[in-house]
Peer 1: 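Provided herewith is a single structure, encoded as C-alpha cells, for subsequent inquiry.
Predicted model, so just to flag it, every value in this text is computed and none were measured. Residue numbers count from 1 along this sequence.
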Amino acid sequence: MPWIQIKIITSKQHDNLLETLLLETGAVSVTFQDAGDQPIFEPLPGELKFWDDIEIAGLYEADNNLHEHQTKIAAAINKIKAMCEPGQHFIYKIEHLEDKQWEREWMIHFHPMRFGQRLWVCPSMQAVPDPSAVNVILDPGLAFGTGTHPTTALCLEWLDSLDLQNKILIDFGCGSGILAIAALKLGAKQAIGIDIDPQAIEASRDNAQRNGVSEHLVLYLSGQEPKNLQADVVVANILAAPLCELAGVIADLVKPDGYLGLSGILNTQSDKVSQAYQHAFCLYPIAEKEEWCRITAVKNKNDGI
Ligand SMILES: C[S@@+](CC[C@H](N)C(=O)[O-])C[C@H]1O[C@@H](n2cnc3c(N)ncnc32)[C@H](O)[C@@H]1O
C-alpha cells in the first residue's frame with residue numbers, strides 16, 4: 001500500500017501538539033528525528049529525550065480518504081504555524097512513498113564485514129563470503145549491534161585478537177548478542193549476556209539460535225544475574241557515563257588475571273573512564289576508531305576496586 005508522509009521541521013516546543021494533531025488527522029504513525037546535529041546517546045528503555053530542533057513525520061495511508069486527510073493536514077499545519085513565535089522556524093513538505101518491506105530496508109546498508117584476522121559478521125539474508133572463516137550470522141532485530149558502529153567494531157577486533165579457547169565471557173550490554181556470539185564462535189566455552197532492555201535479550205536469543213550456540217549462551221536482564229558472577233573476559237560496550245557509574249560492578253565481574261574490554265567511549269572521555277578502573281586493572285594502550293576508543297586491561301591478581 002502506498003503512503004503519504006508529511007514532514008515538519010520545527011523546534012521541540014511543539015512536539016506534543018504536533019503529535020496529537022497528526023494522530024487526530026489520521027496519521028498511522030508519528031516519528032521524531034533530530035533536525036540538527038545533536039546526538040542523544042542511549043536513552044534508557046522507556047525514556048524519551050528530545051532534540052532542540054525536531055523533524056516530525058506523520059504517515060498516512062494513501063487510500064480513498066486521501067482528500068479528507070489532506071484537508072485536515074492543511075488545517076493542522078496552519079494551526080501550528082499560527083502558534084510559532086516570530087523567527088521560530090517551521091518548514092514542512094508532503095511526499096508520496098511507495099510501499100516496501102520497511103523492516104528490512106536498513107539491511108541494504110548491512111554487508112558482510114571482517115574484523116581482525118578470523119572473524120566475519122554476515123547479515124542473515126546474504127551469502128557468507130568465506131565459509132572457512134569464523135562467521136557470525138546476524139539479524140539484530142530491534143537491538144543495537146551489527147558491527148557497523150565503530151564501538152562494536154573495536155570490541156570485535158579485540159575479541160578476535162584474544163585466545164578465547166575454553167574461556168567464560170560476560171557481554172555486559174549485549175544488545176543483539178553480537179559480541180557474546182562472536183566470542184563463542186572464536187572458541188569460548190560459555191558466554192553470559194546481560195542487558196537492561198528485554199528486546200536485546202530477545203534479539204540475542206534469536207541470534208544465538210541462528211548461529212547454533214544457544215546451549216552456550218546464558219542471558220539475564222540486568223539485575224537478575226546471579227551474585228558473585230565472574231568471567232575470564234568481560235566486554236562492555238555501553239557509554240562512558242554508565243561505565244564510570246558501574247565501574248565497581250563491572251570490575252567485580254572480571255576474575256583476577258582476567259581481561260576487560262570497555263567501549264562506547266568518545267576519545268575525549270578516555271581519561272575519565274581509565275581513572276575509574278585503574279585501581280584494579282593494569283591498562284593497555286587505548287585503541288581508537290573515528291571519534292570512539294576502546295580501553296582494554298588485565299585485572300590485578302589480588303585487587304578490588
Ligand atoms: C551500544 S549497545 C552495545 C550492543 C552490543 N554489545 C555491541 O557491542 O554492539 C549497548 C547495550 O547496552 C545496554 N545497556 C545500557 N546500559 C546498560 C546497563 N546499565 N546495564 C546493562 N545493559 C545496559 C543497552 O540496552 C544496549 O543494548
Side-chain angles (χ1 to χ4, degrees), residues 1-110 139-146 148-149 151 173 175-176 195-203 221-222 238-239 241-242 264:
M1 179 202 306
W3 304 88
I4 301 240
Q5 179 166 260
I6 167 164
K7 273 190 182 169
I8 302 164
I9 296 179
T10 186
S11 49
K12 74 172 169 195
Q13 286 99 301
H14 304 303
D15 58 352
N16 273 332
L17 183 66
L18 277 167
E19 183 180 15
T20 309
L21 283 173
L22 290 170
L23 290 172
E24 277 177 355
T25 53
V28 291
S29 79
V30 176
T31 317
F32 293 92
Q33 285 192 57
D34 183 13
D37 185 11
Q38 191 187 1
I40 294 176
F41 293 118
E42 277 198 28
L44 295 168
E47 187 185 12
L48 193 59
K49 285 188 182 170
F50 272 118
W51 309 271
D52 292 338
D53 291 320
I54 51 169
E55 179 191 276
I56 175 164
L59 198 64
Y60 298 80
E61 287 176 15
D63 56 14
N64 296 337
N65 295 327
L66 185 57
H67 179 68
E68 190 193 337
H69 288 331
Q70 281 177 336
T71 315
K72 281 185 185 167
I73 293 165
I77 286 173
N78 287 334
K79 198 168 164 184
I80 299 159
K81 259 174 127 174
M83 289 176 175
C84 285
E85 285 162 25
Q88 220 174 27
H89 61 289
F90 186 93
I91 305 165
Y92 77 93
K93 68 174 173 186
I94 297 179
E95 52 198 9
H96 289 255
L97 303 178
E98 287 314 314
D99 206 14
K100 292 182 185 165
Q101 222 192 334
W102 293 103
E103 68 279 18
R104 314 306 299 176
E105 263 297 285
W106 65 272
M107 283 218 169
I108 294 167
H109 307 288
F110 182 28
D139 185 343
L142 294 174
F144 184 104
T146 56
T148 50
H149 198 270
T151 60
S176 63
D195 206 290
I196 40 172
D197 184 350
Q199 284 179 334
I201 301 295
E202 196 181 319
L221 255 184
S222 187
I238 50 178
L239 292 171

Peer 1: Indicate the atoms forming the closest heavy-atom contact of A35 with E55, along with that distance.
Peer 2: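 Nearest pair, atom of A35 first, then E55: CB-N, 3.8 Å.
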Peer 1: Taking atom OH of Y92 as the centre, report whether more than 12 heavy atoms of other residues, nucleotides or ligands fall under 6.0 Å from it.
Peer 2: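 Count not over threshold, so no.
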Peer 1: Can you tell if the side chain of I6 reaches within under 4.5 Å of the side chain of T25, non-hydrogen atoms only?
Peer 2: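 No; the side chains remain at least 4.5 Å from each other.
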Peer 1: If you take all heavy atoms of V30 and A27, which pair is closest and at what distance?
Peer 2: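 Shortest heavy-atom contact: CG2-CB, 4.3 Å.
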Peer 1: Apply side-chain contact (heavy atoms from CB on, under 4.5 Å) to I4 and H96, showing your working.
Peer 2: CA-CA 5 Å; I4 301 240; H96 289 255; 3.3 Å; yes
Peer 1: Are side-chain heavy atoms of S176 and T146 found at a separation under 4.5 Å?
Peer 2: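 When only atoms from C-beta onward are counted, T146 and S176 do not touch, as no gap falls below 4.5 Å.
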Peer 1: Answer whether the closest heavy-atom distance between the side chains of W3 and E61 falls below 4.5 Å.
Peer 2: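 A side-chain contact under 4.5 Å exists here.
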Peer 1: Got a second to check how far I9's CD1 is from D53's CG, nearest 0.5 Å?
Peer 2: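 Here the rounded value is 8.5 Å.
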Peer 1: Drop me the distance from I8's CD1 to K93's NZ, to the nearest 0.5 angstrom.
Peer 2: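 So the gap between those two atoms works out to 12.5 Å.
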Peer 1: Quick one: CD1 on I91 to OG1 on T10, what's the gap to the nearest 0.5 Å?
Peer 2: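 Here the rounded value is 8.5 Å.
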Peer 1: Under 3.5 Å, is there a donor-acceptor pair between the side chain of D195 and the main chain of G175?
Peer 2: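 Side chain of D195 to backbone of G175: a pair is present.
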Peer 1: Any non-hydrogen side-chain atom of L18 less than 4.5 Å from a side-chain atom of F32?
Peer 2: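 They are not in contact (no side-chain heavy atoms under 4.5 Å apart), so the answer is no.
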Peer 1: Search all heavy atoms of I196 against all heavy atoms of P198 and return the closest pair with its distance.
Peer 2: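 Minimum heavy-atom contact is O-CD, 3.6 Å.
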Peer 1: Consider side-chain contact (heavy atoms from CB on, under 4.5 Å). Of T31, L21, L22, which one does I56 pass it with?
Peer 2: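 Single side-chain contact (heavy atoms from CB on, under 4.5 Å) partner of I56 among T31, L21, L22: L22.
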